[in-house]
Amino acid sequence: MNITFLTLLLLSLASFRLTRLLVFDRIFEFIREPFFDEVREEHDGEVEIYYVPKKAGVKKFIGELLSCYWCTGIWSAAFIVSFHYICPDISRPIILILAVAGVASLLELWVQHFIEK
């Protein structure tokens, strides 16, 4: 298994972006929703809403996984690398799109950092 630096970079960026999609992005909220309970707390007239993993079973396990960026990152990386080796022709454009989106999100964070200063 020979891997170039460019391939490693693309796989890493694709994994990064897939992880963010699963853990944080609104577009994938429908995937996370069945595994979390919404908790509302009121403090000094302000309502705070946060999500906690379900209390038991498989839904708890998946909720715990999806609430942990590091945990989801490992499984995302395993999926991306496996997909790359098992279905290279199908995976190439998907991995490239995720990698480009990953770079774009990092650039956006960088731009926002300097705009706020």
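One is the number of the first residue; the rest follow in order along the sequence. The figures here come from the full heavy-atom set of this structure, side chains too, leaving out hydrogens, waters and symmetry mates.
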In this structure, are over 12 heavy atoms from other groups packed under 6.0 Å from Ile3 atom CD1?
yes

In the single-linkage hydrophobic clustering (I, L, V, M, F, W, Y; side-chain heavy atoms under 4.5 Å), do Ile94 and Leu8 co-cluster?
yes

Asp25/Arg17 salt bridge by N-O under 4.0 Å criterion:
yes

Tell me the closest heavy-atom pair linking Pro53 and Ser67, and the distance in Å.
CG-OG, 4.0 Å

Is there a path of hydrophobic side-chain contacts, each under 4.5 Å between heavy atoms of I/L/V/M/F/W/Y residues, joining Leu21 to Val103?
no

Kindly compute the distance separating CG (Leu18) from CZ (Arg20), expressed to the nearest 0.5 Å.
12.0 Å

CD/Glu64 to CZ/Phe36 distance, rounded to the nearest 0.5 angstrom?
8.0 Å

Should the heavy atoms of other residues, nucleotides or ligands under 6.0 Å from CZ of Phe5 be counted, would the total exceed 12?
no

Looking at every non-hydrogen atom in both residues, tell me the closest pair between Leu10 and Ile95 and how far apart they are.
O-CG2, 4.0 Å

Between CZ of Phe35 and CG of Leu66, what distance do you get to the nearest 0.5 Å?
6.5 Å

How many angstroms lie between atom CG of Leu13 and atom OG of Ser105, to the nearest 0.5 angstrom?
8.5 Å

Under the side chain to side chain donor-acceptor pair (under 3.5 Å) definition, can you give me all pairs with a residue in residues 70-92, not counting sequence neighbours?
Thr19-Ser76, Asp89-Arg92

Taking all heavy atoms of Val23 and all of Tyr69, pick out the closest pair and write down the distance.
CG2-CA, 4.3 Å

Do Ile86 and Leu96 land in one hydrophobic cluster if side-chain heavy atoms of ILVMFWY residues count as linked below 4.5 Å?
no

Using 0.5 Å steps for rounding, measure from the CD atom of Glu48 to the CD atom of Glu42.
11.0 Å

side-chain contact (heavy atoms from CB on, under 4.5 Å) test vs Tyr50 passes for just one of Glu38, Arg40, Glu41, namely Glu41

Phe24-Leu65 co-clustered via ILVMFWY side chain contacts under 4.5 Å:
no

Can you name the nearest heavy-atom pair linking Leu11 to Ile80, along with the distance?
CD2-CG2, 3.6 Å

Treat each ILVMFWY residue as a node, draw an edge where side-chain heavy atoms are under 4.5 Å apart, and state whether Leu9 and Leu106 are in one component.
yes

Nearest atoms (heavy-atom pairs only) where Lys55 meets Lys60:
O-CD, 3.3 Å

Counting only heavy atoms not in Lys59, do more than 12 sit closer than 6.0 Å to its NZ atom?
no

Atom CD1 of residue position Ile27 - does it have more than 12 heavy atoms of other residues, nucleotides or ligands inside 6.0 Å?
no

Once you measure the plane-to-plane angle for Phe83 and Phe79, does it fall in the parallel (<30°), tilted (30-60°) or perpendicular (>60°) bin?
parallel

